[in-house]
Peer 1: 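Once you've had a glance at the structure underneath, I'll fire off some questions.
Read the numbers this way: they start at 1 and go in the same order the structure lists the ligands and their atoms. Just so it is clear, the values below take in all heavy atoms, side chains as well, and ignore hydrogens, waters and symmetry mates.
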Amino acid sequence: MCGIVGYIGNLQAASVLLNGLKRLEYRGYDSAGISLLEYGKFENLKKVGKVSVLESMFDEHEFNSTLGIAHTRWATHGEPNDVNAHPHQDNSGKISLVHNGIIENYSSLKAQLMKSGYNFLSETDSEVLAVFIGSLYEKFGDFEKAVRLALMEVRGTFGITVLCSDDPDCLIAARRGSPLIFGVGDGEYIVASDASAIIQYTRSVVYLNDNEMAVIRRNGYTTKTIQNEEIIKQVNQIEFELESIEKGGFEHFMLKEIFEQAKTVKDSMRGRLLPDEGKVRLGGLLPVMEQLRNAKRIIITACGTSWHSALVGEYIIESLAQIPVEVEYASEFRYRNPVILPNDLVIAISQSGETADTLAAIREASQKGATVIGIVNVVGSTIARETQAGIYLHAGPEIGVASTKAFTSQIVVLSLIGIMLGRMRNLSATDGKSLVRELMSLPEKIDRMLENTSSILQIAESYKKNKNFLYLGRGYNFPAALEGALKLKEISYIHAEGYPAAEMKHGPIALIDENMPVVFIATKDEIYEKVISNIEEVSARRGKIIAIATEGDESIKKWAKHVIYIPETIPMFIPILAAIPMQLLAYHIAVKLGRDVDKPRNLAKSVTVE
Ligand code: F6R
């Protein structure tokens, strides 16, 4: 949510910053801007729209500056327009700043500053911070001190990168609650919201923690707390490859990521299965083994797609380990004084590892004494660092704003946890072995499924003009239905609801007529017959049935207008397979409607504000 880049070094900053913005655009894309310090003055360009709009303005300018900052915005305060776009300057024009986060006390600060004669051009909280730093710089004549004092005063969250035109060899970066890292090159440094903007230049990065700042010059940097205590930070290495953040010949990142899933599912279990013993090995959980053994209750907390995988996880863990599991929206958990008991285990699931609601939930849980573990994709992210132990998805960078491969990998990892907890309790070695075997068979099944997806394209063509969709499933397939509906609505803007199939008759059945496509996940499992009854209820009301069914199930064609077959697997792993055709259906409908699939309106990849 909002992408920040800053560069100081010897290269032409404009092109480094523009490249960075393109890599970070998935974090926000309602406006973009850049500030370059040239001959003691800022050159500022900012424009509503995507980074490409800003890029087109570059044609008329030639920049030689080697110091600059840039931003791609997801609006919080003030509508997306040129004036509200970042960077923001102070009244003297000497300070330029980009900001991610929310300054909660901005209106009182603004009133105070206005009283002292300062003016504001935009409606943003970020400009207030820029003007505030400027006012302190005017007073003390010390750039670093001005930034520090301002940050000590503001409430809320920030990731900022800030420049002062009086000091052409200095870039200051600081964070509280919004991610910020910097790459360490040879005489050059790149600050960014995430590693994707850095990897092209260096693999060595420093992660800033909350209330830390870096004062960066061409010949080195110092890191300190906002309270001015020096700290030594470790330099880490970025693990992924540059290709993994490129489209690799696919039209969209989302399509690439859908098609990667045989590999990503495999990578999520790689080195973690012990087929001969029917066990799994999760090295990341070693620090909390004792707590896992003694866990009496599990609370899984997450948002969006990760919340859907948490629901699948609830069913899996309860079934395999017989431990009660509750699933909580992170945004609710935080603010309702939840009960945490001794021996509660809290699992936070987050692709990005930066979701503000999830982060707030784990802090709440830790404060109440829970053991907190993370299931996270982005290595080194805040949630990964703030949990006591965890398991990485190893699904590689997910750039498409709609989450796809993370969902399937999350279910794999939750299954691994289920098997592990089960084997610590009553799950037999024989059952453990067959679960492990089944998991191992999934990548090949996904590959096979993705070999022929033409029927999905036809279905997309037939229903692209429909205004509403229902997605129904029972048991493990109920959360999968929720996820199918979310995918469709977020990228196609078609209204879609997911429901437990049997719950439909308690209300949503009123919506069904010949204009309502209903996607049923109707795979062969112990409740297949019941789902067929629900299908009949829809069919009797002339709803258009699109069934996701098990290969070989010919009889379903009696009711379903369209059938998408998926390979057979055990019920708890069906959501992994069933998710993929639903992702593709949403994708193709969105493409046919001309939507910007990788950057759907109003969304951002990692939601770093509460
Ligand atoms: C949906 C989607 C969002 C995220 C949610 C949580 O496609 O991407 O619903 O799942 O914002 O994000 P993470 O998993 O990064 O915490």
Side-chain angles (χ1 to χ4, degrees), residues 1-2 26-29 74 177-179 193-194 196 252-255 257-258 261 264 268 300-313 327-334 347-363 374-387 390-393 395-411 413-414 471 479-480 482-493 496 498 579-580 582-587 590 595-610:
M1 186 156 279
C2 295
Y26 69 113
R27 303 182 70 93
Y29 33 83
W74 185 89
S178 300
S193 307
D194 70 53
S196 58
H252 295 100
F253 280 110
M254 181 177 177
L255 191 61
E257 287 157 7
I258 292 172
Q261 286 175 101
T264 51
S268 302
I300 314 182
T301 187
C303 304
T305 288
S306 300
W307 186 81
H308 295 154
S309 73
L311 285 178
V312 181
V327 175
E328 295 264 4
Y329 279 117
S331 52
E332 289 296 313
F333 183 77
R334 162 78 170 76
I347 304 179
I349 307 180
S350 175
Q351 186 288 128
S352 61
E354 301 292 351
T355 300
D357 289 322
T358 313
L359 196 52
I362 63 167
R363 286 177 180 160
I375 299 177
V376 171
N377 193 34
V378 177
V379 175
S381 55
T382 310
I383 294 176
R385 286 181 287 137
E386 287 204 13
T387 38
I391 310 169
Y392 280 121
L393 298 182
E398 191 179 66
I399 309 287
V401 164
S403 188
T404 52
K405 61 180 179 172
F407 178 71
T408 46
S409 287
Q410 285 163 350
I411 302 176
V413 167
L414 286 158
Y471 282 73
L482 294 180
E483 175 59 8
L486 177 63
K487 285 292 86 89
L488 184 67
K489 64 185 144 195
E490 68 184 335
I491 58 167
S492 72
Y493 321 147
I580 296 172
M582 291 191 288
Q583 294 164 352
L584 281 169
L585 181 62
Y587 172 82
R595 309 294 190 225
D596 189 344
V597 171
D598 280 337
K599 300 186 202 90
R601 70 181 178 201
N602 304 339
L603 296 177
K605 184 66 183 163
S606 88
V607 184
T608 54
V609 292
E610 276 190 65

Peer 1: Go through the steps to decide whether Gln351 and Val376 satisfy the test side chain to side chain contact (heavy atoms under 4.5 Å, CB included), and finish with yes or no.
Peer 2: CA-CA 5 Å; Gln351 186 288 128; Val376 171; over 6 Å; no
Peer 1: For residues Ser403 and Glu398, determine if any side-chain heavy atom of one lies less than 4.5 Å from a side-chain heavy atom of the other.
Peer 2: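 When only atoms from C-beta onward are counted, Glu398 and Ser403 do touch, with a gap below 4.5 Å.
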Peer 1: If the plane angle is over 60° it's perpendicular, under 30° parallel, otherwise tilted; pick one for Trp307 and Tyr329.
Peer 2: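 If you compare the ring of Trp307 with that of Tyr329, the planes turn out parallel.
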Peer 1: Could you tell me whether a side-chain N or O of Arg595 sits under 3.5 Å from a main-chain N or O of Ser492, the two making a donor and an acceptor?
Peer 2: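 Pair found, side chain donor or acceptor close to backbone of Ser492.
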Peer 1: Name all residues meeting the salt bridge (Lys or Arg N to Asp or Glu O under 4.0 Å) criterion together with Asp598; count only those two or more places apart in sequence or in a different chain, and write none if there are none.
Peer 2: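 Partners of Asp598 by the salt bridge (Lys or Arg N to Asp or Glu O under 4.0 Å) criterion come out as none, since no residue qualifies.
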Peer 1: I'd like to know if Arg363 and Glu386 make a salt bridge, using a cut-off of under 4.0 Å between side-chain N and carboxylate O.
Peer 2: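 Looking at Arg363 and Glu386, the cut-off is met.
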Peer 1: Check ligand 1 for N or O atoms under 3.5 Å from a protein N or O and list each pair with its distance.
Peer 2:
residue	atom	partner	partner atom	Å
ligand 1	7 (O)	Thr305	OG1	3.3
ligand 1	7 (O)	Ser403	N	2.8
ligand 1	7 (O)	Lys487	NZ	3.0
ligand 1	7 (O)	Glu490	OE1	3.1
ligand 1	7 (O)	Glu490	OE2	2.5
ligand 1	8 (O)	Val401	O	3.3
ligand 1	9 (O)	Thr305	N	3.3
ligand 1	10 (O)	Thr305	N	3.0
ligand 1	12 (O)	Thr355	OG1	3.4
ligand 1	14 (O)	Ser306	OG	2.6
ligand 1	14 (O)	Gln351	N	2.7
ligand 1	15 (O)	Ser350	OG	3.4
ligand 1	15 (O)	Gln351	N	3.4
ligand 1	15 (O)	Ser352	N	2.8
ligand 1	15 (O)	Ser352	OG	2.7
ligand 1	15 (O)	Thr355	OG1	3.4
ligand 1	16 (O)	Ser350	OG	2.6
ligand 1	16 (O)	Thr355	OG1	2.4

